[in-house]
Structure formats: C-alpha cells, structure tokens
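Protein chains get the first letters and strands the later ones, always in sequence-line order, with residue 1 at the start of each.
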Amino acid sequence: MRNIEVAQILREIGILLEIKGENRFRVLAYQEAARKIENWPEAVETLAEEGKLREISGIGEGLSTKIEEYLRTGKIDFLEELTKEIPRELIRLTEIPGVGPKIVRQIYSELGIVNIEQLEQAIQEHLLQNLPGLGIKSEEKIRKGIDIIKKSTGRMLLGDALPLAEEVVIFLRENTQIKKISTAGSLRRMKETIGDIDILASTVDANRMMEAFINLPMVKQIIAHGTTKSSILTYEGVQIDLRVVDNQSFGAALQYFTGSKEHNVKLREYALKKGYKINEYGIYRIDDGERRGGEKEEDIYQILGMEWIPPEMREDQGEIEAALQKRLPILVDVKDIQGDLHVHSDWSDGLVSIEEMAKAAAQKGYQYIAICDHSQGLAVASGLTPEQIQQRKKEIIHWNNNHAEIFVLEGIEANILSDGTIDLPDEVLVQLPIVVAGIHTGLGQATEKINQRLEKAFKNPYVQIISHPTGRLINKRDATQGDLALLFKYAQQTTTALEMNAQPERLDLKDIDARQASEKYQIKLVVSTDSHDTLSLNLMRLGVAQARRAWLTKNDILNTYDKDQLLQTLHKKRDRLII
DNA sequence: GCCGTTTTCGGCCCGACTGTTTTCAGTCG
Ligand SMILES: Nc1nc2c(ncn2[C@H]2C[C@H](O)[C@@H](COP(=O)(O)OP(=O)(O)OP(=O)(O)O)O2)c(=O)[nH]1
Ligand SMILES: [Mg+2]
Ligand SMILES: [Mg+2]
Ligand SMILES: [Zn+2]
C-alpha cells in the first residue's frame with residue numbers, strides 16, 4: 001500500500017502551489033485527491049495498474065497522470081519544476097500555527113527564509129515587523145507559533161483525549177451556567193486520533209463562559225478569545241476549542257462543529273442545490289431568507305430529506321448519499337455487545353484472576369467472557385503450556401459450576417510462529433471453545449513472509465479469530481508488510497473472523513479496513529478489548545466506535561450474538577475443514 | 001484541477017478572530 005505516500009506527495013504539491021499563489025480551487029483539488037487516496041481501502045498502485053485511478057471522484061486526467069508517473073518513476077516532473085521555484089522546505093513553515101502560505105511566501109521572497117532556524121533568527125532581529133501587513137504583534141504571534149510547533153507531540157490517541165475532554169466539560173459545568181454542552185469535532189466522531197478537543201456549549205452568559213474557559217487551571221496560553229469562539233493551549237500542549245451559541249442554534253452548531261469538514265462542505269453544497277443555506281446558526285431558505293430549523297441537529301438532515309447521520313459516519317465516505325436514499329445501516333451499539341472474546345488473566349500476563357475478570361465482565365452485563373491467555377510460544381508474556389491449560393480448565397469449570405451470572409469461555413490467544421504454524425498442537429486447540437491467534441514476533445518480516453505465515457494460520461481449522469491483524473501501534477509502529485487484500489481473501493475463504501482490537505494504540509483492524517473486510521469480503525468481525533485488567537474492559541466503547549465508523553451492524557459483529565449462536569458460528573470452520 | 005438527472009464552462013461552504021488595516025486579508029475552525 002503506497003496510498004499514504006502518494007497522498008503525502010499530492011498534499012505537498014498542493015501546499016507548494018498555495019505558497020506560489022495558485023488558484024485556490026486548484027490547490028483544493030490536490031488536497032481533496034490526497035484525502036481520497038489516503039482513505040481508499042485498496043492499494044493505489046493496484047488501482048493505477050488496472051487503470052482505475054480516475055474512478056475515484058476528485059481524480060481526473062491531470063492528477064491520474066501525475067500519480068502514475070510517480071508510481072512508475074518515483075518522481076513527478078511537475079513537482080521537480082515547481083520546487084525549483086518554491087523550495088520544498090517551506091512546507092514545514094506552513095505548519096507553524098498562525099503562519100499560512102501568504103506569510104511563508106512573503107518571508108521567503110523578502111527575507112529569503114526557508115526554515116524555522118532562519119525564521120527564529122529573523123524574529124530576534126525584528127525583521128518581520130517591518131514587512132508590509134505584519135507588525136510587532138504578528139512577529140510575537142509567530143514566535144509563539146514556533147514554540148508550539150516545537151513542543152507539539154502530534155495527534156493524540158482517542159483513548160487519551162476522551163478523559164481529558166470529559167474533565168474540561170465537568171469543569172465548565174461546575175463553574176458556569178450551562179444550558180447544553182457537548183463534545184464535537186473528531187472526538188465526537190470517535191476518530192482514532194484527535195488533533196484538538198472541540199467543545200460546544202450554550203449558556204445564559206457567553207462572556208462569562210469564555211472567561212471561565214480561558215481561566216481554566218490547565219491553560220498555558222490563550223490562542224484566541226472572542227465572544228463565540230475561543231481557543232487555548234494546555235500545559236500538555238493540547239489545544240482546546242470552545243464554541244458558544246444560543247440555545248436555538250445549538251443543533252446547527254453541533255452539526256457544524258462535529259464535522260468533518262468534508263462532510264460539512266458536501267452537505268452545504270447539496271443544501272445549496274436544493275435552495276437552502278446552512279451555517280452554524282441554522283438552515284435557511286435562500287429565496288425568502290427564512291430560517292427553517294437549527295435548534296436540533298436532526299433539523300438540518302431532515303429538512304434536506306436525509307436520515308440523521310451518526311457522527312462516526314460523517315467523513316464524506318458515502319454517508320450523505322446513503323442518508324438521502326434512507327439506506328443508512330443501523331450501526332452496532334455498545335448495548336448490543338454480549339461479551340468480550342479476548343482478555344488475559346494472571347495465568348499469563350494479565351494482572352487479575354479469572355474470577356475478578358469474570359465478575360467485572362458480569363458487571364458490564366455480558367453473557368460471556370473468553371479468557372484468552374497467551375500460549376507457550378510467547379514466553380515473555382508467560383504463555384501457557386498444554387499442561388497449564390489443563391490446570392486453568394479446572395478453575396474455569398469451577399467458576400461456571402458455581403456462577404450463573406456470566407459464562408466463562410476457555411480460550412487462548414495462540415501465537416503464530418515465524419513459519420506460520422500455531423504454537424499449540426491441534427489436540428490442545430480442539431479442546432478450546434475459543435481460539436484466537438495473532439502475530440507477536442517477526443512483525444518486521446517482508447510481505448511474502450507475512451503473507452505465508454498468515455495463510456497458514458488462516459488455514460488452521462481451529463483458528464477462529466485473528467487478533468490485531470496488522471500489528472500497527474498508532475504513532476509508534478507501522479502495520480506489518482502483509483498484503484491486506486490477500487489476508488482478507490484468506491479470511492473469506494476459511495470463514496475466519498478478524499478482530500477489531502480496542503486497545504487505544506492498536507484499534508486494529510482500523511475503521512476503513514474493517515469496512516472493506518465486511519463489505520467486499522463478507523468477513524465477520526469481533527470487537528475485543530485485549531484487557532489485562534478489569535478497567536480495560538471499558539475500552540469496548542472505543543472498539544465499538546471504530547466498528548461504527550466502519551459502518552458495521554450488529555449482525556457483522558460476532559460478539560453481539562448470544563453464546564450458543566456465537567459458538568455455532570465460530571465452530572463451523574472446524575466442522576467444515578475436518579471431515 | 002475536477003465536475004455535470006438543469007451545465008463540457010463556470011462554478012467549487014461559510015463564518016470567527018486577529019492584526020493591520022482606512023476597509024480587509026490572512027488564518028483557522
Ligand atoms: N463548514 C466548515 N466546517 C469546518 C471547517 N473546518 C472545520 N470545520 C468544522 C468541522 C470540524 O470537525 C470542526 C472542528 O475542526 P477541527 O479543525 O478541530 O477538525 P476535527 O476536529 O474534525 O479534526 P482534528 O482531529 O481536530 O484534526 O469544525 C471548514 O472549513 N468548513
Ligand atoms: Mg478537532
Ligand atoms: Mg478544533
Ligand atoms: Zn496479542
């Protein structure tokens with residue numbers, strides 16, 4: 001998959017064109033194409049080979065030619081020429097908050113600045129404040145911007161952002177007179193990483209609310225402070241945006257502030273075609289200028305003849321078209337989840353006993369929980385030998401004989417060895433009602449090797465679920481080199497389910513891949529927390545959110561089934577493959 | 001640079017905050 005790489009190149013061309021002062025819609029075309037390719041579930045090189053690039057809306061004659069050239073030669077002539085005029089280094093400067101293409105162009109052409117060090121030097125010598133359109137304050141603002149970008153740690157994990165947002169919301173509730181409040185932006189859409197925390201509120205006194213906000217104890221710096229919108233930076237380097245509107249506009253504002261940007265643009269374009277105008281204050285008829293709604297978020301979609309679209313779907317990935325046809329799927333909900341099929345106990349590297357895990361799971365209202373400890377191939381995680389599995393079995397039987405509130409399933413997270421065999425013999429696997437298998441070592445192997453390993457694992461009749469299929473760790477480790485399309489084919493052929501691991505830094509399979517697995521290959525998925533302690537069981541919420549972002553329904557997720565149905569489904573494979 | 005159940009040319013969302021500005025451009029959400 002070279003999608004990210006190609007998207008990156010297109011994005012760079014877009015920014016360079018913007019600095020050059022090109023037509024902004026031409027710039028937009030590059031940005032939009034980049035986004036489309038980044039979110040495309042198939043490999044861009046495959047599309048190019050098959051001559052299908054132009055089937056992506058937003059990629060036409062010019063862009064497809066450039067993309068093909070890049071994939072073939074590793075270069076784009078047009079870009080080579082462009083960088084002679086606009087150095088590539090300048091792109092980094094546009095990443096400074098408050099510094100855009102116009103300022104970069106100006107400091108480059110007037111002062112010859114191409115990097116942050118030179119910019120800092122120029123600021124120290126107060127060279128910027130004498131440039132037309134800039135002054136003392138702009139210079140200071142840019143200096144602060146450089147501070148921010150230097151300390152910036154990139155996008156946060158959703159799992160880290162959620163509690164922080166909750167803390168801010170609670171503080172605002174306690175210290176201001178709030179009518180309504182909600183998180184918005186990527187956080188409400190439950191995107192796997194979060195750029196900043198967006199909060200929307202309606203209140204009796206907007207000014208007081210803003211005062212309270214910018215005086216939060218966590219505030220390091222005030223980025224903007226207006227009557228309806230303020231932004232602050234916390235000591236941890238997290239930006240928080242607060243938008244305040246009247247109660248009667250809360251719905252329209254929530255729609256706006258939830259985004260995504262691309263969803264908003266598409267929605268607003270469609271509205272225009274139908275004679276309406278949408279902004280964060282409401283939806284208006286263009287002919288008479290009358291406001292037609294906006295108190296509730298549903299107003300906006302309903303007036304346009306659409307179903308209300310769940311926030312997780314608002315990525316301009318076909319949801320607007322589906323909502324118009326009233327064909328949105330009924331997304332899986334946390335309440336549908338009947339059990340967790342991947343948790344560890346202190347028999348391996350878990351921190352709590354089977355009993356504690358079972359009690360906690362029962363508390364969550366689950367019907368069943370599968371204890372899937374590591375197996376012997378993973379010694380660092382105290383993986384279980386066949387003998388230990390026998391021992392553990394007694395404890396599980398004992399629990400089930402004495403407790404009706406939840407059924408504990410005996411399971412394993414077996415290790416896929418570097419030759420693709422499972423680290424436990426079939427005689428052991430056949431005894432286990434739940435068999436998950438995953439790659440934990442040799443993640444850096446070449447494509448061919450990973451593919452072969454997985455093929456072998458998928459073909460093992462006892463392996464029901466592949467855990468964390470790509471092995472990626474967000475912001476830390478890339479997915480393995482395994483070919484996802486091939487992996488999906490194996491899963492389809494062998495009716496093996498794939499896990500959507502809910503650990504905040506895994507979320508693996510990820511949303512767009514899970515959607516592809518389900519839509520194109522009819523693969524079933526399992527949302528699991530991979531808990532090593534009881535608190536982590538709550539991560540189910542994150543995993544289900546990713547499933548919702550993958551457009552999945554209850555029927556697509558095996559751990560929404562009741563116990564009998566689940567076991568029947570999971571055991572079909574061994575019944576079919578062993579005659 | 002892309003696109004088209006009204007278009008193959010003329011559109012391509014809409015508004016807040018900041019700083020520098022005598023009326024608005026730049027940046028960002
Ligand atoms: N209509 C419109 N809405 C926008 C635009 N930019 C941002 N928004 C809305 C939708 C976004 O989800 C919301 C919050 O903006 P953010 O920049 O914080 O983006 P978002 O939270 O989606 O992603 P993030 O994780 O913060 O990078 O504001 C825009 O250009 N037009
Ligand atoms: Mg945001
Ligand atoms: Mg924001
Ligand atoms: Zn694992």
> Looking at residues at least two apart in the chain, or sitting in another chain, which of them share a side chain to side chain donor-acceptor pair (under 3.5 Å) with A:Glu519?
Replying inline: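 Here the qualifying residues are A:Arg515.
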Measure [atom1]/[X] against [atom2]/[N] and give the value in whole Å, please.
{"X": "A:Ile107", "N": "B:dG26", "atom1": "CD1", "atom2": "C1'", "result": "14 Å"}
{"X": "A:Ile197", "N": "B:dG29", "atom1": "CD1", "atom2": "C1'", "result": "16 Å"}
{"X": "A:Leu134", "N": "B:dA25", "atom1": "CG", "atom2": "C1'", "result": "11 Å"}
{"X": "A:Arg11", "N": "B:dG1", "atom1": "CZ", "atom2": "P", "result": "18 Å"}
{"X": "A:Glu55", "N": "B:dC3", "atom1": "CD", "atom2": "C1'", "result": "16 Å"}
{"X": "A:Leu53", "N": "B:dG1", "atom1": "CG", "atom2": "C1'", "result": "15 Å"}
{"X": "A:Ile37", "N": "B:dG1", "atom1": "CD1", "atom2": "P", "result": "15 Å"}
{"X": "A:Gln106", "N": "B:dG19", "atom1": "CD", "atom2": "C1'", "result": "13 Å"}

So that I can tick it off, tell me whether [Y] and [X] are bridged by a salt bridge, with the cut-off set at under 4.0 angstrom between side-chain N and carboxylate O.
{"X": "A:Arg208", "Y": "A:Glu211", "value": "no"}
{"X": "A:Lys180", "Y": "A:Glu297", "value": "no"}
{"X": "A:Glu140", "Y": "A:Arg143", "value": "yes"}

Please report the distance separating the [atom1] of [N] from the corresponding atom of [M], rounded so that it comes out in whole Å.
{"N": "B:dC14", "M": "B:dC9", "atom1": "P", "result": "25 Å"}
{"N": "B:dT5", "M": "B:dG1", "atom1": "C1'", "result": "24 Å"}
{"N": "B:dC13", "M": "B:dG19", "atom1": "C1'", "result": "25 Å"}
{"N": "B:dG11", "M": "B:dA16", "atom1": "C1'", "result": "25 Å"}
{"N": "B:dT20", "M": "B:dC28", "atom1": "P", "result": "16 Å"}
{"N": "B:dT21", "M": "B:dG15", "atom1": "P", "result": "27 Å"}
{"N": "B:dC17", "M": "B:dC12", "atom1": "P", "result": "25 Å"}
{"N": "B:dT8", "M": "B:dG4", "atom1": "P", "result": "13 Å"}

>> I need a per-nucleotide contact map over nucleotides 8-18 of chain B, read 5' to 3'. Cutoff is protein heavy atoms under 4.0 Å; write B for the base, S for backbone only, - otherwise.
In response: ----BBBBSSS
>> Applying the Watson-Crick and G-U wobble criteria at under 3.5 Å, what pairs with B:dC14? Answer none if nothing qualifies.
In response: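 Pairing partner: B:dG29.
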>> Anti or syn, where syn is a glycosidic angle within 90° of 0; which label fits B:dT21?
In response: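 Base orientation relative to the sugar is anti.
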> Which heavy-atom pair separates A:Ala514 from A:Leu525 by the least distance, and what is that distance?
Replying inline: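 Looking at all heavy atoms of both residues, the closest pair is O-CD1, 3.9 Å.
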> Which heavy atom in A:Asp299 sits nearest to a heavy atom in A:Gly294, and how many Å separate them?
Replying inline: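 Result for this residue pair: OD2-N, 2.9 Å.
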How would you label the contact of [X] with the nucleic acid (heavy atoms, under 4.0 Å): base, sugar-phosphate, or nothing?
{"X": "A:Ile142", "value": "nothing"}
{"X": "A:Pro97", "value": "sugar-phosphate"}
{"X": "A:Val27", "value": "nothing"}
{"X": "A:Ile136", "value": "sugar-phosphate"}

> When A:Asp316 is tested against each of A:Lys261, A:Lys266, A:Lys36 for side-chain hydrogen bond (donor to acceptor under 3.5 Å, both in side chains), which residue passes?
Replying inline: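 Exactly one candidate clears the test, A:Lys266.
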> Does A:Arg285 make a cation-pi contact with A:Tyr276, if we ask for NZ or CZ under 6.0 Å from the ring centre and within 45° of the axis?
Replying inline: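 Relative to the ring axis of A:Tyr276, which defines the angle, A:Arg285 lies inside both limits.
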> Does NZ or CZ of A:Lys179 come closer than 6.0 Å to the centre of the six-membered ring of A:Phe250, within 45° of the ring's axis?
Replying inline: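 No, cation not above the ring by the 6.0 Å, 45° rule.
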> Does A:Gly100 or A:Phe78 map to a spot on DNA chain B nearer the 5' end, using the closest nucleotide for each?
Replying inline: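 First, find each residue's nearest nucleotide; the 5'-ward one identifies A:Phe78.
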>> Heavy-atom nearest nucleotide on DNA chain B for A:Lys273 versus A:Leu131: which residue maps closer to 5'?
In response: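 Residue closer to the 5' terminus by nearest nucleotide: A:Lys273.
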>> For A:Phe78 and A:Tyr30, take the angle between the two ring planes, folded into 0 to 90°, and tell me which bin it lands in: parallel under 30, tilted 30 to 60, perpendicular over 60.
In response: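 Parallel: the ring planes of A:Phe78 and A:Tyr30 meet at under 30°.
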>> Exactly one of A:Arg155, A:Arg472, A:Arg549, A:Arg506 should register a salt bridge (charged side-chain N to carboxylate O under 4.0 Å, His left out) with A:Glu192. Which one does?
In response: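 Only one option passes, and that is A:Arg472.
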> So which of residues 61-77 of chain A are in contact with DNA chain B, with a heavy-atom cut-off of under 4.0 Å?
Replying inline: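 Nucleic-acid contacts, sorted: A:Glu61, A:Gly62, A:Leu63, A:Lys66.
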> Would you say A:Gln31 reaches B:dG1's phosphate, i.e. side-chain N/O to OP1/OP2 under 4.0 Å?
Replying inline: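 Result: no.
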